[in-house]
Participant: 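Dropping a structure here in structure tokens format, bear with me for questions.
Basis for what follows: all heavy atoms, side chains included, without hydrogens, waters or symmetry-related copies. In what follows, chains carry the letters A, B, and so on, assigned in the order in which the sequence lines appear, proteins first and then strands, with residues in each chain numbered from 1.
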Amino acid sequence: MNSLEQQISTLAKAAVKALYGVEADDGQIQLQKTRPEFEGNITLVVFPFVKMARKAPAQVAAEIGEWLMANGEELIAKYNAVQGFLNLSISDAFWIDQLKAIDADEHYGHFEQPSEKALPFRKGEGVGSPLMMVEYSSPNTNKPLHLGHVRNNLLGYSIAQIQEANGWKVVKTNIVNDRGIHICKSMLAWLKFGNGETPESSGKKGDHLIGDYYVRFDKEYKAQIAELMAAGKDEETAKREAPLMLEAQEMLRKWEANDPEVRALWARMNEWVYAGFDETYRRMGVSFDKIYYESNTYLEGKSEVEKGLASGVFYRREDGSVWADLTQDGLDEKLLLRSDGTSVYMTQDIGTAKLRFQDYPIDKMVYVVGNEQEYHFKVLSILLDRLGFPFGKELVHFSYGMVELPNGKMKSREGTVVDADDLMDKMVEDAREISKDKVNTLQGITAEEADEIARKVGLGALKYFILKVDPRKNMLFNPAESIDFNGNTGPFIQYTYARIRSVLRKAESLQPSAVSSQLDPKELNLIQRLCEYPSIVRTAGDDFSPAVICNYAYALACDFNSFYHDLSILNESDTQKKALRLLLSANVAKVLCSAMALLGIEMPERM
RNA sequence: GGUCCGGUAGCUCAGCUGGAUAGAGCAACAGCCUUCUAAGCUGUGGGUCUCGGGUUCGAAUCCCGACCGGAUCACCA
């Protein structure tokens with residue numbers, strides 16, 4: 001609730017008290033933005049008072065309207081009552097004050113402290129902002145990043161920005177799954193079929209090179225299975241006994257036993273992958289404050305499980321495997337250590353949590369991981385809590401939906417993936433193509449500037465396309481249809497910004513003190529929109545939803561374009577009106593830029 | 001089968017803490033550039049908000065029940 005809503009709310013309560021002698025509670029004060037087809041800015045829904053007034057809704061609305069006009073201290077300029085809706089027109093002076101306040105606030109829309117709703121269990125104990133750790137990306141090191149990872153990375157990065165704006169100290173982290181059978185598969189295929197190929201020798205990006213051998217492994221493995229089945233084995237047996245699989249498993253055992261050769265190869269190939277990932281991350285514009293590797297955390301997890309075993313949180317079965325009993329919580333029993341003593345995913349996550357908590361005073365832990373792992377995180381939350389991690393019980397699994405292709409899910413091994421690097425290339429290329437038609441507006445720019453614009457716009461289109469969808473929902477990506485640059489898109493918002501910047505470049509300095517005191521409806525509408533921004537940031541933070549920011553930025557850009565179309569800024573002869581429009585435009589640009597920054601989208605000065 | 005999530009225009013999606021005649025974009029059609037960037041603006045057509053009950057002044061929104069789609073319930077990650 002912003003200050004206007006607060007003021008109206010207080011006045012409305014007083015009106016109800018004075019007119020009908022009843023104390024209205026907060027839940028009965030329902031305010032909404034007035035629909036465009038009616039006159040007014042803010043609307044009070046009076047249905048809740050109809051019973052206590054024992055009058056027709058329209059009459060109640062009119063009575064409250066009259067009272068507010070008489071007692072509203074010039075805040076309310078006009079009112080009209082339509083059925084049970086009381087539409088209030090707020091005075092121009094109020095809006096102009098709001099605009100000046102927004103202009104004066106360098107960090108408009110950013111908060112010092114998290115909202116009440118988001119406050120953690122350690123409330124008040126620490127000094128300064130509470131700390132939120134956001135884990136995202138978390139790739140396997142056997143293949144390059146694809147569109148699914150892109151959604152994860154963009155959501156994770158954006159959520160981190162949004163929470164920072166909401167007053168959290170945020171640590172972005174990445175847990176790299178750098179060990180396991182999948183990496184061994186790539187390693188083995190490379191040894192057998194690679195002929196010593198390196199990123200340098202082939203010119204391939206390291207992660208792509210490794211990914212190629214992962215696919216190669218699968219191909220050869222399937223051939224062996226087919227061979228065994230042709231020789232009379234059933235499928236299960238063939239899968240289990242295929243020589244390549246046995247070799248890969250042997251390699252994993254050697255890795256766990258610290259075999260120097262296997263470890264050296266593993267380290268070398270992982271380095272190739274990291275170099276490739278770094279490039280993709282840099283291009284995507286995401287970053288991390290701290291990176292953990294599972295090869296370093298899984299042993300920590302084992303010892304945590306041992307401790308839990310000693311303290312009776314877990315139990316050991318006859319075959320030596322270790323389990324947690326979650327039946328009290330309505331869940332199953334969960335394996336933590338296999339009978340051969342090796343760790344599972346859950347074990348590693350416990351170990352990672354331990355190290356993280358040693359490294360940072362975490363108040364809130366957020367895992368950005370797909371919705372197929374909801375059960376896993378439900379269990380992890382309970383286990384961390386039982387093991388005594390303060391953030392365990394309230395950990396947030398920021399669960400998002402899959403990215404689907406027209407023919408279904410993406411599968412790395414089957415090659416039905418949209419590669420992250422290719423996709424970014426394509427987007428930037430498309431942006432460059434489109435801007436070629438705009439030579440008249442972009443004349444005189446250097447090749448570097450043109451590259452920068454294409455990069456920002458192409459990536460902006462991609463990021464907005466992904467982030468505007470409610471994270472919880474599955475989303476569809478059709479590679480055959482290119483992502484739009486018109487309509488409800490990133491470039492639309494960037495274009496709006498570039499237009500404003502162009503106007504501001506041509507204008508003299510801003511003079512907030514010399515603005516007009518009269519507002520055109522389009523101007524008022526824009527100011528009102530700007531006023532919504534802080535509460536939008538709060539909602540996006542509380543709900544973990546970059547989509548909320550997207551919707552807002554789009555609405556703001558729409559409002560501005562309508563204003564821009566109807567009213568002249570630089571050619572306005574009334575200097576006070578001109579000053580107001582410049583001030584307004586500058587602040588729309590500021591808020592658009594701020595909102596897009598929360599999405600990780602950069603704004604071009606011209607396009 | 002149990003649990004969780006989703007179903008809104010031809011397509012992609014908003015709206016969901018109950019409020020006025022359910023909104024955008026794309027696609028289709030018709031207009032607007034001698035004037036601050038036309039990646040823009042304006043208009044037209046397009047809906048059984050999956051279905052059936054219930055709650056109430058009022059339901060796309062809340063509750064119950066179907067149906068459809070997805071995820072998950074591994075000594076996988």
Side-chain angles (χ1 to χ4, degrees), chain A residues 27 30 32 34-35 37-38 43 45-48 50-51 57 82-85 87 138 140 177 180-182 294 317 319-323 330-332 334-346 348-349 369-376 378-379 399 401-402 404 408-409 431 434-435 437-438 440-442 457 461 465 468-470 472-478 481 483-496 498-507 539 547-548 550-551 554-555 557-558 560-562 564-572 578 581-582 585 606-607:
Chain A
Q30 292 178 39
Q32 52 185 276
T34 304
R35 289 177 147 257
E37 58 266 36
F38 300 99
T43 294
V45 182
V46 303
F47 288 109
V50 165
K51 259 187 194 149
V82 181
Q83 298 168 53
F85 300 92
N87 303 318
S138 311
N140 290 353
N177 188 1
I181 190 72
H182 45 285
E294 264 178 14
R317 286 189 183 167
D319 63 4
S321 57
V322 176
W323 296 75
L331 302 173
D332 273 332
K334 187 76 191 173
L335 177 87
L336 291 163
L337 289 177
R338 296 190 187 97
S339 49
D340 65 3
T342 57
S343 65
V344 293
Y345 187 35
M346 190 65 72
Q348 295 165 17
D349 262 353
V369 179
N371 60 11
E372 76 272 17
Q373 291 191 30
E374 269 165 15
Y375 183 74
H376 173 81
K378 203 175 278 183
V379 173
S399 160
M402 301 285 98
E404 288 167 343
K409 281 184 74 172
I434 290 169
S435 66
D437 302 335
K438 322 284 170 192
N440 48 338
T441 60
L442 290 175
V457 172
F465 175 81
K468 78 170 175 181
V469 179
D470 183 337
R472 289 172 305 163
K473 294 189 178 177
N474 288 354
M475 64 179 292
L476 184 81
F477 176 79
N478 187 347
E481 295 169 14
I483 293 175
D484 266 309
F485 287 78
N486 297 321
N488 186 357
T489 66
F492 170 88
I493 296 164
Q494 291 171 318
Y495 178 72
T496 306
R499 272 177 148 183
I500 299 175
R501 298 300 300 166
S502 173
V503 169
L504 294 176
R505 275 194 298 273
K506 291 174 182 166
T539 304
V548 168
C550 289
N551 290 341
Y554 178 63
C558 284
F560 181 83
N561 283 323
S562 168
Y564 179 89
H565 181 264
D566 290 4
L567 303 172
S568 184
I569 302 167
L570 297 175
N571 297 328
E572 172 57 52
K578 184 174 172 182
R581 287 174 194 169
L582 281 169
S585 301
R606 57 183 78 208
M607 66 186 272

Participant: Heavy atoms under 4.0 Å, any strand shown: does A/L567 hit a base, just sugar-phosphate, or nothing?
Facilitator: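 Contact class for A/L567: base.
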Participant: What integer number of Å spans the C1' atoms of B/U17 and B/U21?
Facilitator: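 Taking atom C1' in both B/U17 and B/U21, they lie 24 Å apart.
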Participant: B/C76 P sits how many Å from A/D349 CG, rounded?
Facilitator: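 The answer, rounded to whole Å, is 16 Å.
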Participant: Strictly distance-based, threshold 3.5 Å: is any side-chain N or O of A/R317 a donor or acceptor partner for the main-chain N or O of A/V322?
Facilitator: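 Looks like no, no N/O pair under 3.5 Å.
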Participant: For atom C1', what is the distance between B/A77 and B/C63, given to the nearest Å?
Facilitator: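 These two C1' atoms come out 38 Å apart once rounded.
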Participant: For A/N371 and B/C73, give me the distance from atom CG to atom C1', rounded to whole Å.
Facilitator: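 Whole-Å distance recorded here is 15 Å.
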Participant: Are any side-chain N or O atoms of A/T342 and backbone N or O atoms of A/R338, one a donor and one an acceptor, separated by less than 3.5 Å?
Facilitator: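 Between the backbone of A/R338 and the side chain of A/T342 there is no qualifying donor-acceptor contact (under 3.5 Å).
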Participant: Output, in order, the C-alpha distance, side-chain angles, deciding distance and verdict of side-chain hydrogen bond (donor to acceptor under 3.5 Å, both in side chains) for A/D484 and A/T489.
Facilitator: CA-CA 7 Å; A/D484 266 309; A/T489 66; over 6 Å; no
Participant: For atom P, what is the distance between B/C62 and B/C16, given to the nearest Å?
Facilitator: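 10 Å, rounded to whole Å.
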Participant: Would you measure the distance from the P atom in B/G18 across to the matching atom in B/C13 and give it in whole Å?
Facilitator: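 Those two atoms are separated by 27 Å.
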Participant: Pick base, sugar-phosphate or nothing for A/Y375, based on heavy-atom distances below 4.0 Å to the nucleic acid.
Facilitator: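 Since only primed, P, OP1 and OP2 atoms lie under 4.0 Å of A/Y375, the category is sugar-phosphate.
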Participant: Students often get this wrong, so: under 4.0 angstrom with heavy atoms, is A/Q30 touching a base, only sugar-phosphate, or nothing?
Facilitator: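 The residue A/Q30 makes base contact.
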Participant: Would you sketch RNA chain B in dot-bracket for me? Only Watson-Crick or G-U wobble pairs with both distances under 3.5 Å count, crossing pairs as [ ], other-strand pairs as |, the rest as dots.
Facilitator: (((((((..((((.....[...)))).(((((.......))))).....(((((..]....))))))))))))....
Participant: With no hydrogens and no angle check, is any side-chain donor or acceptor of A/N474 less than 3.5 Å from a backbone partner on A/M402?
Facilitator: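 Pair found, side chain donor or acceptor close to backbone of A/M402.
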Participant: Categorize A/Q373 for me: base, sugar-phosphate, or nothing, with a 4.0 angstrom heavy-atom threshold over every strand shown.
Facilitator: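 Touches a base.
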Participant: Within the 4.0 Å heavy-atom criterion, would you say A/Q83 contacts the bases, only the backbone, or no part of the nucleic acid?
Facilitator: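 Nothing, no nucleic acid heavy atom in range.
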Participant: What's the gap between B/G19 and B/A66 when it is taken at their C1' atoms, as a whole Å value?
Facilitator: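 Here B/G19 and B/A66 have their C1' atoms 29 Å from each other.
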Participant: For a quick check, with a 4.0 angstrom heavy-atom cut-off, what is the B/S/- contact string for nucleotides 6-16 of chain B, read 5' to 3'?
Facilitator: SS----SSS-B
Participant: With rounding to whole Å, what would you report as the distance between B/G45 and B/G53 at their P atoms?
Facilitator: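 Roughly 31 Å separates the two P atoms.
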Participant: Would you kindly give the CG-to-C1' distance between A/L331 and B/C4, to the nearest whole Å?
Facilitator: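 Distance, rounded to whole Å: 12 Å.
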Participant: Students often get this wrong, so: under 4.0 angstrom with heavy atoms, is A/N177 touching a base, only sugar-phosphate, or nothing?
Facilitator: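 Contact class for A/N177: sugar-phosphate only.
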Participant: Using the C1' atom as the reference point in each nucleotide, state the distance between B/A9 and B/G25 in Å, no decimals.
Facilitator: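 Going atom to atom, C1' in each nucleotide, I get 12 Å.
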Participant: Would you check if the distance from the ring center of A/F85 to the ring center of A/F47 is below 6.0 Å?
Facilitator: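 Yes, close enough.
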Participant: Which heavy atom of A/A557 sits nearest a heavy atom of A/F492, and at what distance?
Facilitator: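 So the minimum-distance heavy-atom pair works out to CB-CE2, 3.4 Å.
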Participant: Generate the contact string for nucleotides 39-45 of chain B. Rules: B means base contact, S means sugar-phosphate contact only, - means no protein heavy atom under 4.0 Å.
Facilitator: BSS----
Participant: Could A/R472 and A/D470 be called an ion pair, given the rule that one side-chain N must be under 4.0 Å from one carboxylate O?
Facilitator: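 A salt bridge links A/R472 with A/D470.
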Participant: Please lay out, stage by stage, how A/N561 and A/R499 fare under the test side-chain hydrogen bond (donor to acceptor under 3.5 Å, both in side chains).
Facilitator: CA-CA 9 Å; A/N561 283 323; A/R499 272 177 148 183; 2.9 Å; yes
Participant: When you compare B/A60 with B/U8, how far apart are their P atoms, in angstrom units rounded to a whole number?
Facilitator: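 Going atom to atom, P in each nucleotide, I get 15 Å.
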Participant: Measure from the side-chain heavy atoms of A/T43 and tell me the nearest of B/A24, B/G19, B/A20.
Facilitator: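 Side chain of A/T43 sits closest to B/A20.
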Participant: Closest to the A/V503 side chain: B/C36, B/C57, B/C26?
Facilitator: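 The closest nucleotide is B/C36.
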Participant: For B/C33, is chi within 90° of 0 (syn) or not (anti)?
Facilitator: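 The base of B/C33 is oriented syn (glycosidic angle within 90° of 0).
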Participant: Test your reading of the model: is there a side-chain donor-acceptor pair from A/K468 to the backbone of A/N488, 3.5 Å cut-off?
Facilitator: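 Confirmed, A/K468 side chain pairs with A/N488 backbone.
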Participant: With a cut-off of less than 4.0 Å, is there a side-chain N or O of A/R606 near OP1 or OP2 of B/C36?
Facilitator: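 For A/R606, the contact criterion (side-chain N or O under 4.0 Å from OP1 or OP2 of B/C36) is not met.
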